[in-house]
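Take a look at the structure set out below.
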Amino acid sequence: MRRPDWLFLPFLCLATLSNDAAFAQGASPPPGYFDIPAGFDFPAPKATLEQFISSGNVSAERLHAWNVFAGMTQAAPGGELAIFETWYSETETFDSSVATTQLTAARQPRLPRFQTPRQFLPPKGVVAPAVAGASVLSFVLYNFPAFNHVRSNALFKAPTLDGLLKTGAPNKTFPNDRDIPPFPANAISLKTVWWPIAKDKITAMPIWDPDQNPALKTGNPPTTWARYVAVDPTRPDVPPDEFASVQFNGQTEHAHVVGTNKIHLIQLTADQAAGINSDGVLSGVAQSALGGPLHAGDFAALVATHMTTKEIDNWVWATFWWHDQPDQGSFAADRPSQVAGVWRNYLMNVSYDLNLPKQADGTPHVAFNPWLEARFPDAGHGGGVVSNCMNCHNRASYPDMSFLPVYRGNPDPQDQAFNAGRLRTDFLWSVPDQAQ
């Protein structure tokens, strides 16, 4: 069922609280929020997951990530939302005003704000030109343990991070750096990626086929991908062999048509459409997809998501993207029957280690999302299509700095992200990026 996106975020039932004591360690989530239910292997024992790494049991690593994905995409009570759709937005998690606002369980509009993915942004204080059509729509969600860890430790405050630069525990890998308090084992961070779909006509949507998209020195953004499908927002069921002519990026293609029972869609409000249209970068996404601005009632299709869980010290990193042929290739492997409905149209790659399992040529493990990393050019490390999201997040530190460079394997000792005297933010870029 498609629904207005104002239903997308949790609606909390809390008393008015102070900034400094908004949430406490061990607090319980309020009504309107739902955890991954039992039976989906979350959180798994740390020792079990570490044994998967040491034994090279890639199938077990993949099955575990699929199980967590199955759990978060289960229908929440009431059937209108998936479990993850009741989680906390980045704004709720890091905006200091949230702590002193009385929030109720009433289903009042509290709109998620689509943003440019953090990967595509320059560091704070740096002005970089917007590249029309080179971005996607995105926002980040956190489950309650991750949300509560940020709030109860005041990690949404820059002064807290400034203090931890001096008083935080020494980092085990970089002893001249300090650490924020580590997130709990049941914490999850979820970056979601969306593509605009017109409300009343088929819309082209790029599809990542690795064999049709050899790595480009200049990067492989969606506008360069060799194939796209035609999403029909007016029909749930479309014959599997139906094709139609559709335009994208100045070209017309005879594209495979897919209906709404194959992809997760949310419907945009007038405010959301206006917010996207008024953003210099995000408006380019609408122009690229629709040939013009978004309107109320248009849709956003969930094309990808990064899911990371703190079940091991370096987190489990799983990345998913939509495909119209989801049962083909290695990225479909090990998907259990518990992944059901539209969620079976997502492919997945996973990383538990910076290096393992090695690629066929003996080089460090590759794990990237085509919607988020493929766009990055080769700046001497091979570019986004041979990167590892775990390596990138290993660089996360305070004060905020550039996401680039993108690479894989062990940290580069010359990388300024690992300079002595920095505060390591437990692999999460959102902490240095969002702290106020």
Side-chain angles (χ1 to χ4, degrees), residues 36 39-73 173 185-191 193 208-211 213 215 304-323 325-340 343-374 381-394 406-411 427:
I36 292 175
F40 292 94
D41 196 27
F42 180 78
K46 175 182 173 181
T48 299
L49 301 184
E50 290 178 336
Q51 195 276 330
F52 294 165
I53 301 169
S54 62
S55 65
N57 194 341
V58 176
S59 290
E61 291 180 358
R62 291 183 57 82
L63 178 59
H64 173 67
W66 277 124
N67 280 330
V68 179
F69 182 72
M72 79 174 199
T73 56
T173 305
N186 57 348
I188 300 178
S189 173
L190 195 69
K191 179 186 286 290
V193 182
W208 176 256
D209 297 315
D211 58 338
N213 294 284
T305 184
H306 273 332
M307 179 190 78
T308 183
T309 73
K310 189 57 193 292
E311 296 166 285
I312 57 177
D313 291 346
N314 291 348
W315 301 69
V316 170
W317 303 89
T319 191
F320 304 82
W321 62 97
W322 190 92
H323 206 279
Q325 299 167 16
D327 295 322
Q328 299 181 14
S330 60
F331 298 123
D334 307 301
R335 187 193 297 119
S337 60
Q338 287 177 300
V339 179
W343 309 109
R344 293 197 68 81
N345 275 80
Y346 292 84
L347 299 174
M348 183 266 288
N349 202 356
V350 69
S351 183
Y352 287 53
D353 186 87
L354 288 167
N355 294 285
L356 303 175
K358 293 289 184 69
Q359 298 298 117
D361 61 1
T363 57
H365 184 52
V366 171
F368 75 99
N369 193 299
W371 285 94
L372 287 168
E373 282 83 43
H381 299 283
V385 298
V386 290
S387 63
N388 185 311
C389 52
M390 188 174 185
N391 179 287
C392 158
H393 281 268
N394 193 30
V406 171
Y407 54 97
R408 56 184 161 138
N410 292 325
F427 287 79

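Residue numbers run from 1 in the order of the sequence given. Because the structure is predicted, anything quoted here is derived from the model rather than measured.
- Listed by first and then second residue, the salt bridge (charged side-chain N to carboxylate O under 4.0 Å, His left out) pairs involving residues 309-319 are Lys46-Asp313, Lys310-Asp426 (not counting sequence neighbours).
- Side chains of Asn391 and Tyr407 form a contact here, defined as non-hydrogen atoms less than 4.5 Å apart.
- Between Gln325 and Asp209 there is no side-chain heavy-atom pair separated by less than 4.5 Å.
- Within the 4.5 Å cutoff, no side-chain heavy atoms of Leu347 are placed close to those of Phe320.
- Note: Arg335 CZ to Met348 CE = 8.5 Å, rounded to the nearest 0.5 Å.
- The aromatic rings of Phe69 and Trp66 sit perpendicular to each other, their planes meeting at more than 60°, with 30° as the lower class boundary.
- Nearest heavy atoms, Val68 versus Met307: CG1-SD, 3.7 Å.
- Nearest heavy atoms, Phe368 versus Ser387: CB-OG, 3.6 Å.
- Under the 4.5 Å side-chain criterion, counting only non-hydrogen atoms from C-beta, Ile53 is in contact with Ile312.
- Closest non-hydrogen pair, Gly409 versus Asn355, comes out as CA-OD1, 3.4 Å.
- In terms of heavy-atom proximity, Leu354 sits nearest to Met390 at N-SD, 3.7 Å.
- Atom CZ in Arg344 sits 10.5 Å away from atom CD in Gln338 (nearest 0.5 Å).
- With hydrogens and angles ignored, the 3.5 Å screen pairs no side-chain donor or acceptor of Arg62 with any backbone N or O of Asn57.
- The aromatic rings of His393 and His306 sit perpendicular to each other, their planes meeting at more than 60°, with 30° as the lower class boundary.
- Within the 4.5 Å cutoff, the side chain of His365 has heavy atoms near those of the Asn349 side chain.
- Taken from CG in Asn314 to OG1 in Thr308, the straight-line distance is 10.0 Å, to the nearest 0.5 Å.
- Note that OG1 of Thr319 is 12.0 Å distant from OH of Tyr346, once rounded to the nearest 0.5 Å.
- Atom OG in Ser54 sits 9.5 Å away from atom CG in Leu356 (nearest 0.5 Å).
- With values rounded to the nearest 0.5 angstrom, Asn394 atom CG is found 4.0 Å from Phe427 atom CZ.
- Under the salt bridge (charged side-chain N to carboxylate O under 4.0 Å, His left out) criterion, Asp41 pairs with no residue, sequence neighbours left out.
- Asn388 places no side-chain N or O within 3.5 Å of a backbone atom of Val366 that could act as its donor or acceptor partner.
- Across every non-hydrogen atom of Ala65 and Tyr352, the tightest pair is N-OH, 4.1 Å.
- Under a 3.5 Å cut-off, the side chain of Arg408 and the backbone N or O of Pro364 do form a donor-acceptor pair.
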Val385 and Trp208: CA distance, side-chain angles, deciding distance, side chain to side chain contact (heavy atoms under 4.5 Å, CB included) verdict: CA-CA 11 Å; Val385 298; Trp208 176 256; 3.8 Å; yes
Intermediate values then yes/no, side chain to side chain contact (heavy atoms under 4.5 Å, CB included), Phe331 and Trp321: CA-CA 10 Å; Phe331 298 123; Trp321 62 97; 3.7 Å; yes
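- Within the 4.5 Å cutoff, no side-chain heavy atoms of Asn369 are placed close to those of Cys389.
- At least one side-chain heavy atom of Met72 sits less than 4.5 Å from a side-chain heavy atom of Leu190.
- Closest approach of Ser55 to Gln51, counting heavy atoms only: OG-O, 2.8 Å.
- Between Val386 and Thr363 there is no side-chain heavy-atom pair separated by less than 4.5 Å.
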